[in-house]
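Here is the structure we will look at.
Please read all numbers here as calculations on a predicted model, not as lab measurements. Chain letters run A, B, ... following the sequence lines, proteins first and then strands; every chain starts at 1.
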Amino acid sequence: MAKRELTSAELTLLKRAAREVRHGMVVNLGIGLPQFLPEHLPADTDVTFHSENGFVGMGEGNPEGTPDSDVIDAGGRACRVVPGAAFFDSLTSFAIVRGGNLDLAVLGAFEVSVSGDLANWKIPGKLTPGMGGGMELAQKANHVLVISHHLDKRGRGKLVPQCSLPLTAPACVGTLITERAVFRRVDGRMQLASVHPDFDRESALEGIDADVPSAENLEPWEDKS
Amino acid sequence: MAKRELTSAELTLLKRAAREVRHGMVVNLGIGLPQFLPEHLPADTDVTFHSENGFVGMGEGNPEGTPDSDVIDAGGRACRVVPGAAFFDSLTSFAIVRGGNLDLAVLGAFEVSVSGDLANWKIPGKLTPGMGGGMELAQKANHVLVISHHLDKRGRGKLVPQCSLPLTAPACVGTLITERAVFRRVDGRMQLASVHPDFDRESALEGIDADVPSAENLEPWEDKS
Amino acid sequence: MLDRVTTVENAVAGYVRSGQTLMVGGFGRGGVPFTTLHLIANHADKYRDLTLIKNDANEPGIGIDLLLKQGQVKKLIATHIGLNPEFIRQMNDGEVECELIPQGIFAEKIRAGGAGIPAIMTDIGLGTEVAQGKATYELDGKTLLIEPCMRGDVALVCADIADKAGNAWWCGSNRNMCVVMGTACKRVIVEAKQIVETGRLKAEDIHLPSVFVDAVVPAGPLPHRGN
Amino acid sequence: MLDRVTTVENAVAGYVRSGQTLMVGGFGRGGVPFTTLHLIANHADKYRDLTLIKNDANEPGIGIDLLLKQGQVKKLIATHIGLNPEFIRQMNDGEVECELIPQGIFAEKIRAGGAGIPAIMTDIGLGTEVAQGKATYELDGKTLLIEPCMRGDVALVCADIADKAGNAWWCGSNRNMCVVMGTACKRVIVEAKQIVETGRLKAEDIHLPSVFVDAVVPAGPLPHRGN
């Protein structure tokens, strides 16, 4: 869907994230890493992709397209649609999101707090592109899955005690998946839910300057099959 | 458009009402007498009729139609559409009305008060069909034209000091046309604006138990042409 | 895309329960899910205490009148009931509760429910009995009525064409309240006069996208036409 | 139906004035009225102090960026400006005022303006800086933001097909904000890639009905494509 070489860490977290997507779901993919998710889904998983600029049934990227093509995704890239796709306007697009018909939003993040707050739209003075549809996706998708590298360039984990950046939405992240671990919000608090076989609990919490409890029973990383 | 024999009084008031319709207007016709208006318009008057159940560009009645036909008017009668008609849902239909895109609503009335209040939807204990789209048409059309017999069966005029019946909307009627006279709301008060040549001012105010001023210059009843 | 085609029996048994709020499409006869309503009326013991949200009360003997006259309905929320004198009598005698709402606001309250808008403000009905008892808000010096959104448990609508995934299209004036109701309920049953392969409807021309729809069922003959 | 076809010169000269609020369609490049914007940019002295309501700020060198860089715009109301780093600089330097609104609420505020709804209530943005300074209302124990409607003087949109009366249809993802903007302004100029005889568009499939439209003008070649 998107064009660039993925690192092995990215491949790892994308494969794990693909396991969160269930047959029949309506899914919105944020710009960036989430756009690589479709190629990691099992072939028999029927997922309907929502593009907030105005359609459901988004298919593959259109290599013959240009930014002037009649079908572009929310990031401005030409793409295709699958049979059964429907085009609509921005009203219907966000009615789907706010009305509870978007099963899953897969988003990137600058910070996720231990209470599930998400900051991914603004770095004051540095990055001020506007929230676009991000606040609604974060606040209203039935489940919000954040995928991200475990550590940022300065070695800090994405999971923080409290977001220092402006929030996209409070208490919205249901699941955070990195190349090392899966965290899930349970009773309003993120907890460690699964650890990649190459890591132990300690390294799954590396760079996280907060008290993160572990689930009573960790989920296996890989499918049993 | 509708099927029944019109009385000569009805023909008179319809012909006069047709003069209020201008080229290019978007017009909604209430159920009953207003539905006979189109056949009295000059052939070169391009008017777009709005049907609040979901289209603009309503044409003639469809004699081959039934109540199960795919195109019915708001009264449930099969009708045709003209080239350039557009079908939409109830939301868009009333967005047109409330948003200021309906130039004229032609309605019937039980009572019109001297301040332009309209009562045409309910007679408590006797007639309780619900307001349908009537309140929005009365309140939000850019101009509300009421057409009506001058006197009711008990010899009372439609124009009353104060409505005794539940209001459809307050201070909404712009023009009232009967077979005897035209009344217009000026500075919040209905005044006599034109008198049919067969009547004098006194009979134009017959049955009206209220002080109705006359316009400084009465309009001619007929077109000059 | 999922294939959402099933039988009306399965769809109703799967989604409809006593005590629910049902939104029912239609204005006049167009858009009315006659087949689905007929089934619910044929199981009057099973589906009771319903709240119906429908533009009108249909005519006597068809559509929701079947449910009304059998006592399956505790409340009807509508805009106009003038074509059903029998229901007007029921309402005036207090047999069934009836709430009447101006038609465009009726549609907007449903849209708000579907679009995740908890309430809208409007001046429609100010100075009339419609405003009585309603909360108000002063905005820029003007008094406005607060109209909370409406949502339902199940939407029942009749489309002219649906594809197997549930994308739906309406002919002429049949669309009316059907699309907006299809956005505002937990479950949506689209009864379709014609069911086509997914992908056959032009993607730009779809009125109700499949993501809102749970079941597509074939419309049967119109009971009141005797065919 | 009236024939509303005219030239872009006539339409702009007839309806657009300095100091107005213009709603401009488009998300990315689809739906952007490049021809109309180009004309307005070519008369930078004539059309100034504009408030633009547009989803994004276009890319540098095309669309509304032409107006932004020439100082014709005093304020932009948008949802996302990430593709125009030059405008971000203008905004951060205080050269142009910019108000950012969550995308769906941006659309809803415009819809409310077009549909005669003075305000809506929403929970979108609660707990974020979007909520700062906004009026709130308690509904059923929940705090909601009050979002007043937005209206404009003139809407400029680009449709794929329009008929001579002004009925318009959009291809693919080009529709975006165009339809709703076309309902919310005093005047509406539809720039169309193709203009057909009135009656050629299927009445059920029209996205923006002609009653909202004041002028239909032919879209020229895309300036940024060099054709």
*Based on non-hydrogen pairs under 4.5 Å, which of B/Val97, B/Val71, B/Leu91 is most in contact with chain C?*
B/Leu91

*Quick one: what part of B/Phe94 sits under 4.5 Å from any heavy atom of chain C, side chain, backbone, both or neither?*
side chain

*Among C/Asp160, C/Val32, C/Ile101, C/Val179, which has the most heavy-atom pairs under 4.5 Å with chain B?*
C/Ile101

*Just give me the residue among B/Ala95, B/Gly75, B/Ala74 that pairs up with chain C most often, heavy atom to heavy atom, under 4.5 Å.*
B/Ala74

*chain B: which of C/Ile105, C/Asn55, C/Val180, C/Leu126 shares the most heavy-atom pairs with it under 4.5 Å?*
C/Ile105

*asked:* Using only atom types and a distance under 3.5 Å, with no angle test, would you say the side chain of B/Glu111 pairs donor to acceptor with the backbone of B/Ser164?
replied: yes

*Heavy atoms only, distances under 4.5 angstrom: which of C/Pro85, C/Pro102, C/Ala57, C/Gly31 has the most pairs with chain B? Name it, please.*
C/Pro102

*If you count heavy-atom pairs under 4.5 Å with chain B, which of C/Gly125, C/Gly172, C/Ala78 comes out on top?*
C/Gly172

_B/Gln35-B/Asp73 side chain donor-acceptor pair, cut-off 3.5 Å_ = yes

*Parallel, tilted or perpendicular: which fits the ring planes of B/His50 and B/Phe88, with parallel below 30° and perpendicular above 60°?*
parallel

_Heavy-atom side-chain proximity of B/Gln139 to B/Glu136 below 4.5 angstrom_ = no

*Is it the side chain or the backbone of C/Ile110 that comes within 4.5 Å of chain B heavy atoms, both, or neither?*
neither

*So, does C/Arg187 use its side chain to make a donor-acceptor pair with the main chain of C/Val154 at under 3.5 Å?*
no

_Close side-chain approach of C/Leu208 and C/Asn167, heavy atoms under 4.5 Å_ = no

*Check B/Leu145, B/Leu29, B/Thr175 against B/Leu104 for a side chain to side chain contact (heavy atoms under 4.5 Å, CB included) and give me the one that passes.*
B/Leu145

*Any Lys/Arg nitrogen of B/Glu179 or B/Arg16 sitting under 4.0 Å from an Asp/Glu carboxylate oxygen of the other?*
no

*Going by distance alone, is a donor N or O of one side chain under 3.5 Å from an acceptor N or O of the other, for B/Glu10 and B/His149?*
yes

*Is it the side chain or the backbone of B/Ser93 that comes within 4.5 Å of chain C heavy atoms, both, or neither?*
neither

*Counting only heavy atoms closer than 4.5 Å, note whether C/Asn84 contacts chain B via side chain, backbone, both or neither.*
neither

*For chain C, which of B/Ala138, B/Gly130, B/Ala169 has the most heavy-atom pairs under 4.5 Å?*
B/Gly130

*Residue among B/Gly54, B/Gly133, B/Gly134 with most heavy-atom pairs under 4.5 Å to chain C*: B/Gly133

*Is chain C contacted by the side chain of B/Thr66, its backbone, both, or neither, given a heavy-atom distance below 4.5 Å?*
side chain

*For C/Ile88, is it the side chain, the backbone, both, or neither that has a heavy atom closer than 4.5 Å to a heavy atom of chain B?*
side chain

*Side-chain (C/His80) to main-chain (C/Gly82) donor-acceptor, under 3.5 angstrom*: yes

*Which bit of C/Asn176 is near chain B, if near means a heavy-atom gap under 4.5 Å: side chain, backbone, both or neither?*
both

*Picking from B/Ile72, B/Asn53, B/Asp70, which has the most non-hydrogen pairs under 4.5 angstrom with chain C?*
B/Asp70

